[in-house]
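Presented below is the structure to which this report refers.
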Amino acid sequence: MSIIHLRPGEGLHHPMIDGDHITKATVQDAVGAFEVFEVVAPAAPMAPTHVSPWTGVLFLLEGRITVVVDGSSCEVDPGEMVVIPAGTPATFGVADASARFLAITSGNGAGRFFADFAGSVPLDRPIEESMAAILAVTGRHGVVTAGG
């Protein structure tokens with residue numbers, strides 16, 4: 001594997017409803033796999049609580065976010081992190097005008113999900129109009145709304 005060196009904002013962009021998910025690295029070797037994303041998210045209402053098949057670590061770089069994991073809420077400031085275990089209901093919301101954080105996920109499924117979502121769900125339409133596309137993408141990647 002060669003050296004990967006990316007500056008802030010560099011990488012493959014996946015614009016989604018809850019922010020731009022920028023692929024920084026996808027690593028797979030003999031001992032496992034993980035992905036690293038830079039997420040730049042605007043202030044917006046929290047997405048519905050959902051369950052992902054991968055573990056996620058959120059490390060806040062700028063701004064402030066509120067993270068809800070399995071019903072417990074915490075405010076996250078720059079330099080702090082939250083671990084969201086696979087299969088656990090979770091969501092996040094941006095408490096400031098915007099936030100930037102690293103998301104590190106286990107396995108290699110999150111990047112495929114982000115790419116599919118960005119390519120299938122239009123950003124210029126109300127969420128209600130995009131719900132069929134959202135449910136199709138989440139269904140293809142094993143992401144479900146909590147309780148759904």
Side-chain angles (χ1 to χ4, degrees), residues 1-121 123 127 130 133-148:
M1 175 184 200
S2 60
I3 293 174
I4 298 171
H5 177 226
L6 298 172
R7 291 178 171 75
E10 290 182 341
L12 182 60
H13 289 253
H14 305 293
M16 295 173 53
I17 293 167
D18 61 354
D20 189 9
H21 296 63
I22 307 162
T23 301
K24 302 306 260 189
T26 299
V27 177
Q28 186 158 357
D29 60 23
V31 295
F34 67 92
E35 296 176 294
V36 180
F37 305 92
E38 176 184 0
V39 180
V40 180
M46 276 191 187
T49 301
H50 55 281
V51 177
S52 299
W54 46 81
T55 294
V57 175
L58 307 182
F59 183 86
L60 190 63
L61 300 169
E62 299 171 0
R64 190 164 195 233
I65 61 174
T66 301
V67 178
V68 179
V69 178
D70 207 16
S72 295
S73 177
C74 61
E75 301 298 319
V76 183
D77 291 310
E80 296 179 351
M81 67 165 233
V82 175
V83 176
I84 303 169
T88 304
T91 190
F92 79 91
V94 176
D96 287 340
S98 65
R100 187 169 70 93
F101 57 90
L102 293 179
I104 299 119
T105 59
S106 61
N108 58 9
R112 290 192 304 267
F113 169 69
F114 295 154
D116 191 4
F117 197 104
S120 301
V121 179
L123 297 179
I127 290 178
S130 300
I134 292 169
L135 292 174
V137 172
T138 57
R140 285 193 292 271
H141 297 276
V143 177
V144 296
T145 57

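- For the pair Pro85 and Val69, the tightest heavy-atom approach, listed with the atom from each and the gap, is CD-CG1, 4.5 Å.
- Counting non-hydrogen atoms of other residues, nucleotides and ligands closer than 6.0 Å to CD1 of Ile127 gives a total of 12 or fewer.
- Side chains of Pro48 and Thr91 form no contact here, defined as non-hydrogen atoms less than 4.5 Å apart.
- With rounding to the nearest 0.5 angstrom, the CD1 atom of Ile65 is 8.0 Å from the SG atom of Cys74.
- The minimum heavy-atom distance between Thr105 and Ala110, with the atom names listed, is OG1-CB, 3.5 Å.
- The CZ atom of Phe117 sits 8.0 Å away from atom OG1 of Thr138, with the distance rounded to the nearest 0.5 Å.
- The two atoms that bring Gly79 and Phe59 nearest to each other are O-CE1, 3.5 Å, heavy atoms only.
- Side-chain contact between Arg100 and Pro8 is present, with at least one heavy-atom pair separated by less than 4.5 Å.
- The shortest non-hydrogen separation linking Pro15 to Leu123 is CB-CD1, 3.6 Å.
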Does Ile17 form a side chain to side chain contact (heavy atoms under 4.5 Å, CB included) with Ile134? I'd like the steps, not just the answer.
CA-CA 10 Å; Ile17 293 167; Ile134 292 169; 3.7 Å; yes

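- At a threshold of 4.5 Å between non-hydrogen side-chain atoms, the residues Met81 and Leu58 do not count as touching.
- When every heavy atom of Thr66 is checked against every heavy atom of Ala95, the shortest pair comes out as OG1-CB, 4.3 Å.
- Distance CD/Glu75 to CG/Leu60: 11.0 Å, rounded to 0.5 Å.
- Considering only heavy atoms from C-beta on, Val39 stays 4.5 Å or farther from Asp20 through its side chain.
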Would you sort out whether Val82 and Val57 count as a side chain to side chain contact (heavy atoms under 4.5 Å, CB included), showing the intermediate values?
CA-CA 6 Å; Val82 175; Val57 175; over 6 Å; no

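- Of the charged side-chain nitrogens involved, none lies within less than 4.0 Å of a carboxylate oxygen, so that Arg64 and Asp96 do not count as a salt-bridged pair.
- Here CG of Asp18 is found 11.5 Å from CE of Met46. Values are rounded to the nearest 0.5 Å.
- Side-chain atoms of Ile22 and Leu12, non-hydrogen and from C-beta on, never get closer than 4.5 Å to each other.
- Ala133 and Ser120 get closest at one heavy-atom pair: CB-O, 3.7 Å.
- With values rounded to the nearest 0.5 angstrom, Glu10 atom CD is found 12.5 Å from Ile4 atom CD1.
- Using a distance-only test at 3.5 Å, with no hydrogens or angles considered, a donor-acceptor pair links the side chain of His21 to the main chain of Gly19.
- The aromatic rings of Phe101 and Phe92 sit perpendicular to each other, their planes meeting at more than 60°, with 30° as the lower class boundary.
- Judged by distance alone, the side chain of Glu38 and the main-chain N or O of Gly9 form a donor-acceptor pair under 3.5 Å.
- A 4.5 Å side-chain heavy-atom check between Met16 and Phe114 finds at least one atom pair inside the cut-off.
- Note on ring orientation: taking the six-membered ring where Trp is involved, the planes of Phe113 and Trp54 are tilted (angle from 30° to 60°).
- Between Thr88 and Val51 there is no side-chain heavy-atom pair separated by less than 4.5 Å.
- With hydrogens and angles disregarded, a donor-acceptor distance shorter than 3.5 Å links the side chain of Lys24 to the backbone of Arg7.
- Put simply, the side chain of Val143 reaches to within 4.5 Å of the side chain of Pro53, judged on heavy atoms.
- Checking His14, His13, Glu35 one by one against Thr23, the side chain to side chain donor-acceptor pair (under 3.5 Å) holds for a single residue, His14.
- Distance alone, capped at 3.5 Å, places no donor-acceptor pair between the Ser73 side chain and the Val68 backbone.
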